[in-house]
Amino acid sequence: MEPVLSVAFTFFVLADVVGNAPLILALVHSYSSQKQKIILMREGVLAFILALVFILGGEAFLGQLEIQPYTVNFGGGIILFLVALPMIFGHTAHLEKEKEKQEPFLVPIATPLLAGPALLTYIILSLHEEGMTPGLVTLALVIAWIPVMIVLFYSPILLRLLGKAGMQVLEQLMGMLLCLIAINLILRAATEFFQII
Amino acid sequence: MNFISASFLLFLLMDPIGSIQTYLRLNEVVAPRRRHWFLFREMGFALLLMFLFAAIGEYILQFLELSEAVISITIGVILFLFAIQVLFPREKTHRSHIATEETLIIPLAVPLVAGPALLMTIMLFAHQEPGVLPFLGSIFAAWACAYAVFLLSPLLLRIVKRNGLMALEKLMAMILILLALQRFLNGVTQWMDNL
């Protein structure tokens, strides 16, 4: 049971739902609170399904296409960076309208925020750990995801506490944070890459 | 690269799953009687184009004196930009093409199915693969699967609905981003090896 709990804990940390919550909220702040709950819950479920699919077929899939771990980090980093940019450089009215048309779906909340390259890479690593089977890894994922969904569900309360102006400031700050995370991922990928060649 | 890997890679590059929404939209303005012909014609042209590049790819590479590294890097860059556009749409793309009448070749055959990244990959394979026949077989196998995806797309629409298709499109885009980056990095590695 011990290794399962430790893997579950790592999953929870990598999903970083608490750290991501302000970020995620910034992405959905322009929707009604009813809609927000739907989006958050849906993305939580989608991320879970994605992680599950990855447990079952991820390694085989990446191996077949000869995609290296550093590529996963690199790709995740770039995507997060592109999500961060509009958050930092503000919105024009035109972009606000576009946001209305394109409700975030799967990307970027379910992935790469919740089930991101770190989590997905760790899934592959955990499958290789002593005594872990795909079944046990799945169990760890389920254990980890219960608190994830709970935090997601109650996070809009944070939104209500901050108010509209507060959310805009939060969005800017989160954009910067996301940039840092993204560049970190990219540099980590670059380090790995240059060590290999 | 064995038959299955090659076919799988080519199938992903054709990205029929990601193109389903566009295909359905294009199909709407085609007369129902003509729809089978429309798909057959578009896919047929794409296949011919792919075979053409398979045949002359090697000569183009030699004529332009392009190394494998250069091709890999270019494939990576173009595929990456394409996939990023799917994830972060800005203005009109080939995907958002609003058709008022039946289209010819553009955009379905080219660039959606037989796009630049796919054609360049075929050229690269032509250069790398010693055996012609299994390679053409991979192209045909991938193409047949893509055809099947398009044929089944209305059924898929009914199962996963618009949102499901959108999710699949984005998921495919993420896979393509990984593929693109890997190609790019492989190219860079090769280039650095040759320095």
Side-chain angles (χ1 to χ4, degrees), chain A residues 38-39 42-43 45-47 49-50 53-54 57-58 60-86 94-95 98-99 101-112 115-117 120-121 185-186 189-190 192-194 196-197, chain B residues 1-13 18 21 69 72 76-77 79-81 83-92 96 121 160-195:
Chain A
I38 296 178
I39 295 180
R42 180 189 69 208
E43 296 296 309
V45 171
L46 283 178
I49 295 177
L50 187 62
V53 167
F54 210 74
F61 185 75
L62 291 184
Q64 179 68 260
L65 297 170
E66 290 173 25
I67 293 180
Q68 309 295 319
Y70 57 78
T71 309
V72 179
N73 280 330
F74 194 18
I78 293 182
I79 293 179
L80 284 180
F81 186 75
L82 291 174
V83 172
L85 284 182
H94 161 71
L95 278 176
E98 253 192 71
K99 258 207 340 196
K101 256 189 273 168
Q102 290 161 35
E103 164 187 324
F105 192 91
L106 190 73
V107 190
I109 302 180
T111 185
L120 297 177
T121 311
L185 275 176
I186 293 176
E192 243 182 274
F193 175 64
F194 283 117
I196 290 190
I197 60 169
Chain B
M1 184 151 271
N2 63 49
F3 181 79
I4 307 260
S5 319
S7 309
F8 187 47
L9 178 63
L10 291 174
F11 175 74
L12 288 179
L13 288 174
Q21 282 193 303
S72 290
V77 170
L79 190 58
F80 179 79
L81 291 174
I84 286 287
Q85 254 197 327
V86 176
L87 280 183
F88 302 98
R90 263 156 249 276
E91 339 79 37
K92 250 167 68 109
S96 63
T121 306
V160 298
K161 310 287 187 330
R162 272 288 116 109
N163 273 343
L165 284 183
M166 211 175 12
L168 280 175
E169 198 169 338
K170 305 233 161 172
L171 210 55
M172 283 306 303
M174 290 191 74
I175 294 175
L176 288 177
I177 285 184
L178 290 180
L179 272 177
L181 288 175
Q182 194 60 60
R183 294 270 157 286
F184 175 78
L185 291 173
N186 288 347
V188 169
T189 315
Q190 271 183 313
W191 177 71
M192 291 181 79
D193 278 343
N194 290 336
L195 280 182

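In this text, all values refer to a predicted model and were calculated from it rather than measured experimentally. Letters A, B, ... mirror the listed sequences (proteins, then strands); counts begin at 1.
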Tabulate below the donor-acceptor pairs under 3.5 Å that side-chain atoms of residues 188-195 of chain B make, not counting sequence neighbours, or state none.
unit_1: B:Thr189; atom_1: OG1; unit_2: B:Leu185; atom_2: O; d: 2.6
unit_1: B:Gln190; atom_1: NE2; unit_2: B:Glu68; atom_2: OE1; d: 3.2
unit_1: B:Asn194; atom_1: ND2; unit_2: B:Gln190; atom_2: O; d: 3.4

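For the pair B:Phe88 and A:Ile79, the tightest heavy-atom approach, listed with the atom from each and the gap, is CZ-O, 3.7 Å.
Of the atoms belonging to A:Leu50, it is side-chain heavy atoms, and not backbone ones, that fall under 4.5 Å from chain B. Only the side chain of A:Phe193 comes within contact range of chain B, judged by heavy atoms closer than 4.5 Å. Contacts between B:Leu171 and chain A at a heavy-atom distance below 4.5 Å involve backbone atoms as well as side-chain atoms. Residue contact with chain A, scored on non-hydrogen atoms closer than 4.5 Å, involves the side chain of B:Ile177 exclusively.
Note that CE of B:Met174 is 8.0 Å distant from CG of A:Leu120, once rounded to the nearest 0.5 Å. Interatomic distance, B:Asn186 CG to A:Gln68 CD, rounded to the nearest 0.5 Å: 7.5 Å. If you take CD on B:Gln182 and CG on A:Leu65, they are separated by 9.5 Å, rounding to the nearest 0.5 Å. For the atom pair A:Ile67 CD1 and B:Ile175 CD1, the distance stands at 8.0 Å (nearest 0.5 Å).
In the displayed structure, A:Ile38 atom CD1 is contacted under 6.0 Å by more than 12 heavy atoms of other residues, nucleotides or ligands.
Interface summary for chain B: among A:Val72, A:Ile196, A:Ile78, the most heavy-atom pairs under 4.5 angstrom belong to A:Ile78.
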